[in-house]
K.L.:
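Dropping a structure here in structure tokens format, bear with me for questions.
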Amino acid sequence: MGTIVANGLELAGAIKRPQLHNLTALRAFAALSIFFHHLTTFGIDSAQSILSTNLNLGVSFFFVLSGFVLSYSFDGEFQTPRDVRNFIFQRFFRLWPLHILCAFLAAASLWNRMSLVTAYLVTTLQNAWVPTYGTAYAYNGVSWSISVELFFYLALPFILSLRPRFMMLLISGWTLAALGLLAFTVVLPRPVFPLPSEQWWLDLYITDESFAQFFPPLRMVEFLSGMAAYQLFKRRRIPDAWVAFCQIAAIVCLVGYMRVHAVIVQFFADHSSEMAHDAYRAYGMYPLFAIAIYVFWPPIRRGGARSILPASRFLRRGQFRLLYDSSDRHT
């Protein structure tokens, strides 16, 4: 027992395991995609020059990666209620101070009038559980993702405490239930949450789009896919001779999907429900992310598996550390 670093993340109380430099490199690229996505606020549409894809899919990648890395780091560590309590307190107070500081600065600079209920939900990181745009984006616009991630942290110890067979049954059942709900909305004659009659009420109403984007139990499928990738990682690892080939194949699949992403999203818009369309647009790529994380996990070993990512040597020297630390605040 001690303090280790997994995927660039210090984790107290876990058994020492090899560092996952490759996944940290992938995380850096995902952070860049979110950065370019947010440039649209300033009128710069980076997606038009990067295969016309949804660059905000980087958030989905973070959720999947979080499921893998936390499973990798804490597998077998939750032996007593005290272990669970310490983990939850550690993760909550790792997120909460910076969140409160950002929310306070945003409130002070914008002077937004907010209800006490919304203030309470934002302060306690429960704002994603009331999935309206006005609540999810209140004060600090990215806080909805922190609220969702906190739900993942609360669930992790209890899922990891299950036997592998029951864990996979839970993961499969939850995923089928969530995707089944989205599929069911396709046959409904009208939206699940009708739009308000007046546009200015939109931020105060739950809509199909906001529900699909923010509601933590739906976004849980991404985190669970990362946990499932870790279970595969434990049982069947890629032979050293096949690592580079599998990584190249994963990159080809990801780039190929990006080229047709807009077409697929438009197909969902034309032939499915609003909720299913918005869910696919926000995190429909998560199965590919789970596969990519699985094939890029191998640590660099002398005379063993070698990653095709040249970034690993830079990660050891810390060049990506600032970018990594910045992105980690949003997972």
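Source: prediction; values computed, not measured.
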K.L.:
Taking all non-hydrogen atoms of both residues, which atom of Ile159 and which atom of Met220 are closest, and how far apart?
P.N.:
CD1-CE, 3.7 Å
K.L.:
Under 3.5 Å, which donor-acceptor pairs do the side chains of residues 97-106 form with other protein atoms, sequence neighbours left out?
P.N.:
residue, atom, partner, partner atom, Å
His99, NE2, Val122, O, 2.7

K.L.:
Hey, is the main chain of Asp83 close enough, under 3.5 Å, to the side chain of Asn86 for a donor-acceptor pair?
P.N.:
no
K.L.:
Please answer whether the main-chain N or O of Glu222 pairs with a side-chain N or O of Ser225 as donor and acceptor at a distance below 3.5 Å.
P.N.:
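Indeed, once roles are kept as given, a pair shorter than 3.5 Å links the two residues.
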K.L.:
If two hydrophobic side chains count as joined below 4.5 Å and joins carry through other members, does Phe89 share a cluster with Phe151?
P.N.:
yes
K.L.:
Going by the rule side-chain contact (heavy atoms from CB on, under 4.5 Å), which residues pair with Pro217 if we only count those two or more places apart in sequence or in a different chain?
P.N.:
Trp129, Trp174, Phe215
K.L.:
Under a 4.5 Å cut-off applied to non-hydrogen side-chain atoms, are Lys234 and Asp75 in contact?
P.N.:
yes
K.L.:
Test of understanding: with side chain to side chain donor-acceptor pair (under 3.5 Å), list the residues that count as partners of Ser147, not counting sequence neighbours.
P.N.:
none
K.L.:
How would you list all residue pairs meeting side-chain hydrogen bond (donor to acceptor under 3.5 Å, both in side chains) that involve residues 159-171, not counting sequence neighbours?
P.N.:
none
K.L.:
Tell me, do Val295 and Ile238 make a side-chain contact under 4.5 Å, heavy atoms counted?
P.N.:
yes
K.L.:
Go through the steps to decide whether Ser66 and Glu149 satisfy the test side chain to side chain contact (heavy atoms under 4.5 Å, CB included), and finish with yes or no.
P.N.:
CA-CA 9 Å; Ser66 183; Glu149 187 75 14; 2.4 Å; yes
K.L.:
Partners of Tyr280 by side chain to side chain donor-acceptor pair (under 3.5 Å), sequence neighbours excluded?
P.N.:
Tyr257
K.L.:
The criterion is side-chain contact (heavy atoms from CB on, under 4.5 Å); which residues satisfy it with Val252, sequence neighbours excluded?
P.N.:
Ile248
K.L.:
For side chain to side chain contact (heavy atoms under 4.5 Å, CB included), just list the numbers for Phe63 and Val221, CA-CA rounded to whole Å, side-chain angles, deciding distance to a tenth of an Å, and then say yes or no.
P.N.:
CA-CA 9 Å; Phe63 287 165; Val221 297; over 6 Å; no
K.L.:
Looking only at heavy atoms, what is the nearest atom pair of Ala282 and Ser60, with distance?
P.N.:
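That closest heavy-atom pairing would be O-CB, 3.9 Å.
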K.L.:
Within this structure, what is the CG-OG distance for the pair Leu95 and Ser145, rounded to the nearest 0.5 Å?
P.N.:
9.0 Å
K.L.:
Would you call the rings of Phe68 and Tyr72 parallel, tilted or perpendicular, taking 30° and 60° as the class edges?
P.N.:
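Parallel: the ring planes of Phe68 and Tyr72 meet at under 30°.
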K.L.:
Working to the nearest 0.5 angstrom, can you tell me the gap between Thr135 OG1 and Ile206 CD1?
P.N.:
8.5 Å
K.L.:
Has Tyr205 got a side-chain atom pairing as donor or acceptor with Pro194's backbone, closer than 3.5 angstrom?
P.N.:
no
K.L.:
Just checking, is any N or O donor in the side chain of Asn127 or Ser143 under 3.5 Å from an acceptor N or O on the other one?
P.N.:
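There is such a pair between these side chains.
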K.L.:
Find out whether Leu254 and Phe289 are in side-chain contact, i.e. whether some heavy atom of one side chain is under 4.5 Å from a heavy atom of the other.
P.N.:
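Leu254 vs Phe289: side chains touch.
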K.L.:
Where do Ser272 and Ala276 come nearest, in terms of heavy atoms and distance?
P.N.:
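Minimum heavy-atom contact is OG-CB, 4.0 Å.
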K.L.:
Can you list the residues that meet the side-chain contact (heavy atoms from CB on, under 4.5 Å) rule with Phe267, with sequence neighbours excluded?
P.N.:
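For Phe267, the residues satisfying side-chain contact (heavy atoms from CB on, under 4.5 Å) (neighbours in sequence not counted) are His271.
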K.L.:
Provide the full list of side-chain hydrogen bond (donor to acceptor under 3.5 Å, both in side chains) pairs with a residue in residues 175-192, sequence neighbours left out, each pair given once.
P.N.:
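Sorted result for residues 175-192: Thr185-Ser273.
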K.L.:
How far does CZ of Phe211 sit from CD of Glu274, to the nearest 0.5 angstrom?
P.N.:
14.0 Å
K.L.:
Assess the residue pair Phe223 and Leu156 against the criterion (side chain to side chain contact (heavy atoms under 4.5 Å, CB included)); give the C-alpha distance rounded to whole Å, side-chain angles, the decisive distance to 0.1 Å, and a yes or no.
P.N.:
CA-CA 9 Å; Phe223 186 78; Leu156 178 77; 3.8 Å; yes
K.L.:
Mark yes or no for whether Asp208, through its side chain, and Phe193, through its backbone, hold a donor-acceptor pair below 3.5 Å.
P.N.:
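The answer is yes, because a donor-acceptor pair under 3.5 Å joins these two groups.
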K.L.:
Quick one: does any side-chain atom of Trp96 pair with a main-chain N or O of Thr123 as donor and acceptor, under 3.5 Å?
P.N.:
yes
K.L.:
Just by modelled atom types, is the Val148 backbone N or O under 3.5 Å from a matching donor or acceptor in the Arg219 side chain?
P.N.:
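No, the answer is negative, given that no donor and acceptor are paired below the 3.5 Å cut-off.
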K.L.:
Starting from Phe245, can I reach Leu288 by hopping between I/L/V/M/F/W/Y residues whose side chains sit under 4.5 Å apart?
P.N.:
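Looking at the clustering, Phe245 is in the same group as Leu288.
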K.L.:
Rounded to the nearest 0.5 Å, what's the gap from CG on Leu70 to CZ on Arg91? Could you check?
P.N.:
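The CZ atom of Arg91 is 5.0 Å from CG of Leu70, to the nearest 0.5 Å.
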K.L.:
Supply the atom-to-atom distance Leu218 CG to Leu179 CG, rounded to the nearest 0.5 angstrom.
P.N.:
9.0 Å
K.L.:
Identify whether Phe93 and Leu154 are in the same connected component of the hydrophobic contact network (ILVMFWY, side-chain heavy atoms under 4.5 Å).
P.N.:
yes
K.L.:
Is there a continuous path of hydrophobic side-chain contacts, each under 4.5 Å between heavy atoms, that joins Val255 to Val260?
P.N.:
yes
K.L.:
Between atom CZ of Arg237 and atom CG of Leu232, what is the distance when rounded to the nearest 0.5 Å?
P.N.:
10.5 Å
K.L.:
A quick test of your reading: do over 12 heavy atoms of other residues, nucleotides or ligands sit less than 6.0 Å from CZ of Arg235?
P.N.:
yes
K.L.:
Between Val84 and Phe158, is the side chain to side chain contact (heavy atoms under 4.5 Å, CB included) condition met? List the steps.
P.N.:
CA-CA 8 Å; Val84 175; Phe158 305 100; 4.1 Å; yes
K.L.:
So do the side chains of Ile171 and Met227 get within less than 4.5 Å of each other, counting heavy atoms only?
P.N.:
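Side-chain contact under 4.5 Å: yes.
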K.L.:
With sequence neighbours excluded, tell me which residues meet side chain to side chain donor-acceptor pair (under 3.5 Å) with Ser210.
P.N.:
Thr207
K.L.:
Between Arg85 and Phe87, is NZ or CZ placed under 6.0 angstrom from the six-membered ring centre and within 45° of the ring axis?
P.N.:
no
K.L.:
Each residue besides Val186 in its hydrophobic cluster should be listed here, by chain and number; the cluster joins Ile, Leu, Val, Met, Phe, Trp and Tyr at side-chain heavy-atom distances under 4.5 Å.
P.N.:
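None; Val186 is a cluster of one.
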K.L.:
Would you mind listing the cluster partners of Tyr120? Hydrophobic ones only (ILVMFWY), side-chain contacts under 4.5 Å, chaining allowed.
P.N.:
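Val117, Leu121, Val130, listed by chain and number.
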K.L.:
Are Tyr137 and Phe214 near enough that their ring centres are under 6.0 Å apart?
P.N.:
yes
K.L.:
Tell me the closest heavy-atom pair linking Ala128 and Pro216, and the distance in Å.
P.N.:
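Scanning both residues completely, I find the closest heavy atoms to be O-CD, 3.5 Å.
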K.L.:
Residues in side chain to side chain donor-acceptor pair (under 3.5 Å) with Glu209, at least two apart?
P.N.:
Tyr133, Arg281
K.L.:
Please tell me if the side chains of Phe296 and Ile251 come closer than 4.5 Å, counting only heavy atoms from C-beta onward.
P.N.:
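In short, these two side chains touch, coming nearer than 4.5 Å.
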